[in-house]
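Computed over heavy atoms, backbone and side chain alike; hydrogens, waters and symmetry mates excluded.
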Amino acid sequence: MASPHPDGRAGIDAALVKRLIDAQFPHWSGLPVTPVERCLAALEGHVDTDRARAVWDAALAAEWHGEPVWFHGDIASGNLLVEDGELSAVIDFGTSGVGDPACDLVIAWGMFRSESREAFRAAVGQDAGTWARARGWALWKALLNLTGYVGTDRERADNELRVVEAVLADHDRFG
């Protein structure tokens, strides 16, 4: 049932997981197992799926080797309160925890554009692997949202497409 992971950890047999999902959810039969793969299948023709897979693969390959740190887990515009042009509070700590800080960097693509994204990148000073994982987080969230917005909410779909394109461009630039 478990297959060895290259670093010695026990892994999960993907074929077994696929058979279990197919048995439990027959309407999903033939669809990819991971949420990202399901989103990419659904978004064929809307996003560059080959480039998106390259971002996702790079994110999965970039393992976290640092000491665990506190993370918020859902840094987004709706969770940052601003008063008189200054950040006054961060709210919604329902997904906070201790571990890899990459998830908190998704605002680089969701909130910032070009120069402000570069300033943010310089200010947080994370390594290339953390940025690769952060791109994976941002891509996952944007693809998941986009699958629900395509054909139903043009404005939100356009915003998620902007995030996907920014993530893909960032990956092209930084690898």
Applying side chain to side chain contact (heavy atoms under 4.5 Å, CB included), run through Leu143 and Val36 and close with a yes or a no. CA-CA 7 Å; Leu143 292 175; Val36 169; 4.2 Å; yes
Applying side chain to side chain contact (heavy atoms under 4.5 Å, CB included) to Phe120 and Leu105, what does each step give before you reach the verdict? CA-CA 9 Å; Phe120 178 72; Leu105 301 180; 3.9 Å; yes
Identify the heavy atoms of [X] and [Y] that sit nearest to each other, and give their distance.
X: Gly73; Y: Asp104; result: N-OD1, 2.8 Å
X: Val163; Y: Ala142; result: CG1-CB, 3.8 Å
X: Ala59; Y: Ala132; result: CB-O, 3.3 Å
X: Ala138; Y: Val106; result: N-CG1, 3.5 Å
X: Thr130; Y: Pro101; result: CG2-CG, 4.4 Å
X: Pro35; Y: Trp140; result: CB-NE1, 4.3 Å

If hydrophobic clusters are built by linking Ile, Leu, Val, Met, Phe, Trp and Tyr wherever their side-chain heavy atoms come under 4.5 Å apart, do [X] and [Y] end up in the same one?
X: Phe174; Y: Val167; result: no
X: Ile75; Y: Leu81; result: no
X: Leu144; Y: Leu60; result: yes
X: Phe112; Y: Val82; result: no
X: Ile107; Y: Ile91; result: no

Close side-chain approach of [X] and [Y], heavy atoms under 4.5 Å:
X: Leu43; Y: Val150; answer: yes
X: Glu165; Y: Arg51; answer: yes
X: Glu37; Y: Leu40; answer: yes
X: Asp158; Y: Glu155; answer: no

If you measure from [atom1] on [X] to [atom2] on [Y], what distance do you get to the nearest 0.5 Å?
X: Glu160; Y: Leu139; atom1: CD; atom2: CG; value: 11.0 Å
X: Arg135; Y: Trp56; atom1: CZ; atom2: CH2; value: 13.0 Å
X: Asn145; Y: Leu161; atom1: CG; atom2: CG; value: 11.5 Å
X: Leu146; Y: Arg162; atom1: CG; atom2: CZ; value: 12.5 Å
X: Tyr149; Y: Asn159; atom1: OH; atom2: CG; value: 9.0 Å
X: Met111; Y: Arg117; atom1: CE; atom2: CZ; value: 12.0 Å

Evaluate side chain to side chain contact (heavy atoms under 4.5 Å, CB included) for Trp64 paired with Asp127, printing each intermediate quantity in order. CA-CA 10 Å; Trp64 171 249; Asp127 64 15; 5.5 Å; no
Are the side chain of Asp100 and the backbone N or O of Ala102 linked by a donor-acceptor pair below 3.5 Å? yes
Heavy atoms from other residues, nucleotides or ligands near CH2 of Trp137 exceed 12 (cutoff 6.0 Å): no
Kindly check if the number of other-residue, nucleotide or ligand heavy atoms within 6.0 Å of CZ (Arg156) is above 12? no
State whether a side-chain donor-acceptor pair under 3.5 Å links Ser116 with Arg113. no
Side chain to side chain contact (heavy atoms under 4.5 Å, CB included) assessment of His72 paired with Asn79: CA-CA 10 Å; His72 181 275; Asn79 292 335; 4.1 Å; yes
Note: Asp74-Lys141 ion pair, threshold 4.0 Å (strictly below): yes
